[in-house]
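Worksheet: one structure, shown below.
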Amino acid sequence: MSNNMTDRVSRCGYVAIVGRPNVGKSTLLNHILGMKLSITSRKPQTTRHQLLGVKTANQIQTIYVDTPGIHQRRGTAINRYMNKAATSVLNDVDVVLFVVQATQWVKEDQAVVELFAHVHAPVVLVVNKIDRLKQKHDLLPAIEKLKVKYPFSAVIPVSALNNINLDELEKKVSSLLPEAKHFFPDDQVTDRSMRFLAAEIIREKLVRELGQELPYTSTVVIDRYEERPDIVHIHATIFVETDGQKSIIIGHKGERLKSIGTRARQEIVSMIDNKVYLNLWVKVREGWSNDERALRGLGYSEQ
Ligand SMILES: Nc1nc2c(ncn2[C@@H]2O[C@H](COP(=O)(O)OP(=O)(O)OP(=O)(O)O)[C@@H](O)[C@H]2O)c(=O)[nH]1
Ligand SMILES: [Mg+2]
């Protein structure tokens, strides 16, 4: 077969992005796709659901699965849901990207590596945030230490945020994908609806606006998403667990909530290229994060 023919072989497969919270999994997905799809923040446990990001280029379709950070706090129902959302993909994918933070191997990373014992797919170790290294010569010895943790099929240092070495990573991933027809239309970028993405965008602004003040006990539900030719009407509710949390989110004279709404609206506008009317409410639902039934009602259904 000539090279030309080889080039035309169609490849397609699923690639899980896993790792402990906050190592940059969602940032990696967004920067590989070249668009903001998955929400990110400085706070751990930002991602709560699986999210597909599809990239199609040169006969190759890579279906990335962003996942919540795998963590040790197994206590509440939402924590169990998040861990399950992350670990359940491991046996259904063609490639696993295991993201760690340069030179910082901690217990939670070790716990993730132990999950690979029953994984058949090749695991690529992605050593992220290399831009943060003060001493460049710390990287090679760190990589040598990481290599012994598991028989990785490759170890690739990157900076997701600064787009360093992502093409190298993508090349490796493509080489591990099976020959297959594309599962998604070539112009599709995700399996999620704009309604889901809108809720996520609102949650991102909430998390970013509130810094360390808010515990992980808020969630966003879209009550109404109505597309009209000239404007999209979105009504959303932020659920929290206590009155105190509600007042923090609303802020003095409602200013916090207003600012969250403005930022979210701007981002939704830029995604859908239409006008947006966004109405935000805050409601208290005591104990929702540890109540399986409440969780299902709030969009945390089995994946
Ligand atoms: N300096 C630097 N920061 C990064 C890099 N990649 C991600 N970050 C930052 O790390 C923080 C966490 O990034 P996320 O992409 O939300 O991390 P995550 O692994 O998806 O986190 P969870 O969803 O909570 O598990 C954010 O503040 C990012 O801007 C990088 O390459 N360099
Ligand atoms: Mg994330």
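Every number for a ligand or one of its atoms is a count from 1 in the order of the listing.
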Subject >> Metal site the Mg ion (ligand 2): N/O/S of T47 inside 2.8 Å >> reply: yes

Subject >> Nearest non-hydrogen protein atom, atom 25 (O) of ligand 1 >> reply: K25 NZ, 2.7 Å

Original post:
Got F98 and V126 here, is their nearest side-chain heavy-atom distance under 4.5 Å?
Top reply: no

Original post:
Is the backbone N or O of Q59 less than 3.5 Å from a side-chain atom of H182, with the two atoms forming a donor-acceptor pair by type?
Top reply: yes

**OP:** Look only at the side chain of Q45 and the backbone of G69, and say whether a donor-acceptor pair between them is shorter than 3.5 Å.
**Re:** no

**OP:** Could you pull out the closest heavy-atom pair between A236 and V220, with the gap in Å?
**Re:** CB-CG1, 4.3 Å

Original post:
Is there a nitrogen or oxygen of T40 sitting under 3.5 Å from a nitrogen or oxygen of ligand 1?
Top reply: no

**OP:** Give the numbers and elements of all ligand 1 atoms closer than 4.0 Å to a heavy atom of A160.
**Re:** 31 (O)

**OP:** Look at atom 17 (O) of ligand 1 and say which protein heavy atom is nearest, naming residue and atom and giving the distance to 0.1 Å.
**Re:** G24 N, 3.1 Å

Subject >> Derivation of the side-chain hydrogen bond (donor to acceptor under 3.5 Å, both in side chains) call for T217 and Q245 >> reply: CA-CA 9 Å; T217 46; Q245 291 163 358; 3.1 Å; yes

Original post:
Does the shortest distance from the Mg ion (ligand 2) to an N/O/S atom of S26 fall below 2.8 Å?
Top reply: yes

Subject >> Electrostatic pair R263-E204, nearest N-O below 4.0 angstrom >> reply: no

Subject >> Taking atom 6 (N) of ligand 1 as the reference point, the nearest protein heavy atom with its distance >> reply: N128 ND2, 3.2 Å

Original post:
With atoms numbered from 1 as shown, which atoms in ligand 1 lie under 4.0 angstrom from a non-hydrogen atom of R132?
Top reply: 1 (N)

**OP:** Mind listing the closest non-hydrogen atom pair of M82 and T47 along with its distance?
**Re:** CE-O, 3.6 Å

Original post:
Taking heavy atoms and a distance under 4.0 Å, where does S159 meet ligand 1: side chain, backbone, both or neither?
Top reply: both

Original post:
How far is atom 3 (N) of ligand 1 from its nearest protein heavy atom, and which residue and atom is that?
Top reply: L161 CD2, 3.6 Å

Subject >> Protein contact to atom 13 (O) of ligand 1 [nearest heavy atom, distance to 0.1 Å] >> reply: T27 OG1, 3.5 Å

Original post:
Would you say ligand 1 has an N or O under 3.5 Å from any N or O of N162?
Top reply: no

Subject >> T47 N/O to ligand 1 N/O under 3.5 Å >> reply: yes

Original post:
Under 4.0 Å between a Lys/Arg side-chain N and an Asp/Glu carboxylate O for K55 and E170?
Top reply: yes

**OP:** Give the atoms of ligand 1, by number and element, whose distance to some non-hydrogen atom of P44 is under 4.0 Å.
**Re:** 24 (O)

Subject >> Donor-acceptor contact below 3.5 Å, side chain N165 vs main chain E168 >> reply: no

Original post:
Does some side-chain heavy atom of L197 sit less than 4.5 Å from a side-chain heavy atom of M271?
Top reply: yes

Original post:
To which protein heavy atom is atom 1 (N) of ligand 1 closest, and what is the distance rounded to 0.1 Å?
Top reply: D131 OD2, 2.8 Å

Subject >> Element-labelled atoms of ligand 1 that are located less than 4.0 Å from some non-hydrogen atom of G69 >> reply: 25 (O)

**OP:** Specify the protein heavy atom at minimum distance from atom 22 (P) of ligand 1: its residue, its atom name, and the distance to 0.1 Å.
**Re:** N22 N, 3.6 Å

Original post:
Centres of the H49 and Y300 rings: under 6.0 Å?
Top reply: yes

Original post:
For atom 26 (C) of ligand 1, which protein heavy atom lies nearest, and how many Å away is it?
Top reply: S41 O, 3.4 Å

Original post:
Short N/O distance, under 3.5 Å, between P21 and ligand 1?
Top reply: no

Original post:
Taking the six-membered ring for Trp, are Y150 and F152 parallel (under 30°), tilted (30 to 60°) or perpendicular (over 60°)?
Top reply: tilted

**OP:** Name the option, out of R42, K43, K129, E204, that contains the heavy atom nearest to atom 10 (O) of ligand 1.
**Re:** K129

